[in-house]
Enquirer: 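Sharing a structure with you now.
As the structure is a computational prediction, the values presented were derived from the model and not from experiment. Reminder, nothing fancy here: chain letters follow the sequence lines and each chain counts from 1. Below, all heavy atoms of this structure are taken into account, side chains as well, without hydrogens, waters or symmetry copies.
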Amino acid sequence: MNEDPIDFTFLDPTVDAAAFERRVSQIRFAASGVMARRRAGGTPFVFVARWRAPLIAALLLVTFISIALLRTVRVDAGLDADTPSDEVAEVLGATTPMSELLLSTAASPTDALLDGGMTQ
Amino acid sequence: MSTSSPTPSDADLVALALRGDGDAADVLVRRYYRAAFAVALGVLGNRQDAEDVCQEAFVKALDRLEDCRDPSRFAPWMMTIARNRALSYHTYRRIRETSELRPEIAEAKDSPAEDATRAELGARLEAALAGLTAVQREVVLLHDMDGWTHGQIAEALQMTEVRSRQHLFVARKLLRERLGLPMLKEYTHE
């Protein structure tokens with residue numbers, strides 16, 4: 001006897017079809033705003049906005065990789081902070097201020113350009 | 001909604017609803033309304049409150065559908081929301097009841113004799129359910145009202161299938177004792 005299910009028809013919220021439809025309509029109405037926003041989510045702007053976090057992460061990753069790569073290249077070329085800028089200039093065929101600019105941030109780009117113009 | 005399958009899976013429906021398909025959301029609501037109601041009723045023990053909570057739970061679920069990480073497990077996720085909403089409401093109701101007198105039935109409507117009988121039988125069922133624990137109510141309602149299997153119940157309520165069977169056995173036994181034989185005859189399916 002205990003294997004027979006209990007009949008909960010009198011508590012079933014879907015038996016009163018009209019009342020149930022009202023509930024479903026109310027839910028649908030309440031959720032219509034978010035549904036509309038999702039439908040509008042197909043525009044390129046929203047697509048990019050949704051992917052802003054992964055995009056920023058990817059850009060940061062590329063930046064770190066680039067920095068690491070540049071450092072490696074500089075070390076491979078035998079260029080470091082102790083290398084005299086004259087040697088660098090000779091190797092690169094550039095002016096001393098230009099080589100200083102490449103090795104450090106002490107010389108400004110303006111200095112490099114002005115000096116380059118004077119020597120050539 | 002545009003799917004080739006006659007009965008789209010929960011995962012398909014969730015994917016469509018995430019793209020703003022209102023019809024897909026509608027199907028999800030219709031598919032799990034009774035189950036969510038069963039869970040809410042299990043916690044609250046009151047039909048009207050359970051319906052209100054159930055409605056709120058669906059609105060919240062559709063609003064936060066992106067949080068459903070595994071769309072194929074929409075049902076357990078939905079039941080968790082329904083239970084949490086019901087628990088919050090339960091706490092709120094207890095506070096309210098201690099601070100003010102609870103009004104009598106707010107929306108007393110004139111109803112035909114059939115509706116009165118239905119309401120009375122529903123009230124007797126509610127009273128009988130009140131004698132069970134929350135988890136017993138959830139299990140028996142999900143199983144007997146919405147036809148869930150023990151496997152589904154175990155997954156949704158985070159218990160073993162054996163435990164689900166035990167809860168169902170005890171719940172049915174207690175309900176039959178409380179409802180009595182005349183009531184059981186009225187409930188017998190034709």
Side-chain angles (χ1 to χ4, degrees), chain A residues 1-70, chain B residues 17-26 29-30 33-34 36-38 40-41 47 50-52 54-66 115 117-126 128-129 140-141 143-147 168-173 175-176 179 184 186-189:
Chain A
M1 177 179 155
N2 211 33
E3 293 300 310
D4 297 331
I6 305 283
D7 188 345
F8 286 111
T9 309
F10 297 109
L11 289 179
D12 190 337
T14 64
V15 167
D16 185 346
F20 178 56
E21 287 306 320
R22 270 200 305 277
R23 288 278 182 188
V24 174
S25 300
Q26 283 167 351
I27 293 167
R28 188 167 185 155
F29 178 74
S32 59
V34 72
M35 286 297 164
R37 273 202 303 279
R38 284 181 186 139
R39 278 195 296 277
T43 62
F45 177 75
V46 177
F47 182 80
V48 170
R50 192 182 297 156
W51 283 92
R52 66 189 181 282
L55 272 175
I56 290 167
L59 281 171
L60 279 172
L61 188 72
V62 168
T63 308
F64 285 129
I65 291 170
S66 303
I67 289 168
L69 241 149
L70 281 170
Chain B
L18 281 170
R19 292 201 289 270
D21 190 327
D23 291 340
D26 216 62
V29 172
R30 289 172 192 280
Y33 190 88
R34 204 189 277 128
F37 170 80
L41 183 60
R47 201 177 359 172
E51 283 232 53
D52 291 343
C54 190
Q55 185 176 328
E56 280 178 31
F58 271 106
V59 172
K60 187 183 175 186
L62 293 176
D63 192 42
R64 298 185 179 182
L65 207 51
E66 286 84 358
D115 285 353
T117 309
R118 173 178 290 277
E120 189 199 329
L121 292 170
R124 284 176 69 184
L125 263 175
E126 269 186 83
L129 282 167
V140 73
L141 286 166
H143 191 280
D144 288 357
M145 190 165 75
D146 204 30
L168 181 68
F169 181 84
V170 176
R172 280 178 176 169
K173 189 169 175 287
L175 282 174
R176 290 204 159 90
L179 291 168
L184 281 175
E186 289 174 65
Y187 290 151
T188 307
H189 286 291

Enquirer: Give me the atom names and distance for the closest heavy-atom approach of B:R172 to B:D144.
Expert: NH2-OD1, 2.8 Å
Enquirer: Distance from B:L18 atom CG to A:M35 atom CE, nearest 0.5 Å?
Expert: 8.0 Å
Enquirer: For B:A25 versus B:L62, what's the shortest heavy-atom pair and its separation?
Expert: CB-CD2, 3.8 Å
Enquirer: Of all the heavy-atom pairs spanning A:D7 and B:L125, show the shortest one and how long it is.
Expert: O-CD1, 3.8 Å
Enquirer: Does the plane of the ring in B:Y33 sit parallel, tilted or perpendicular to the ring in B:F58? Use 30° and 60° as the thresholds.
Expert: parallel
Enquirer: Nearest 0.5 Å please: distance from the CG atom of B:L179 over to the CD1 atom of A:I6.
Expert: 6.5 Å
Enquirer: Could you pull out the closest heavy-atom pair between A:V15 and A:T9, with the gap in Å?
Expert: CG2-O, 3.6 Å
Enquirer: Which heavy atom of B:C54 sits nearest a heavy atom of B:F37, and at what distance?
Expert: SG-N, 3.5 Å
Enquirer: Pairs in or reaching into residues 8-18 of chain A: which pass salt bridge (Lys or Arg N to Asp or Glu O under 4.0 Å), with residues at least two apart or in two chains?
Expert: A:D12-B:R34
Enquirer: Checking B:R64 now: which residues fulfil side-chain contact (heavy atoms from CB on, under 4.5 Å) with it, not counting sequence neighbours?
Expert: B:K60, B:D67
Enquirer: What part of B:R47 lies closer than 4.5 angstrom to a heavy atom of chain A: side chain, backbone, both or neither?
Expert: side chain
Enquirer: Relative to chain A, which of B:A50, B:G22, B:A38 shows the most heavy atom pairs under 4.5 Å?
Expert: B:G22
Enquirer: Do you know which of B:R19, B:E51, B:H143 has the most heavy-atom pairs under 4.5 Å to chain A?
Expert: B:E51
Enquirer: Take B:L65 and A:R38, measure what side-chain contact (heavy atoms from CB on, under 4.5 Å) needs, and give me the verdict at the end.
Expert: CA-CA 11 Å; B:L65 207 51; A:R38 284 181 186 139; 3.6 Å; yes
Enquirer: Which members of residues 25-33 of chain A, sorted by number, sit under 4.5 angstrom from chain B on a heavy-atom basis?
Expert: A:Q26, A:I27, A:R28, A:A30, A:A31
Enquirer: Heavy atom to heavy atom, less than 4.5 Å: which residues from residues 56-66 of chain A reach chain B?
Expert: none
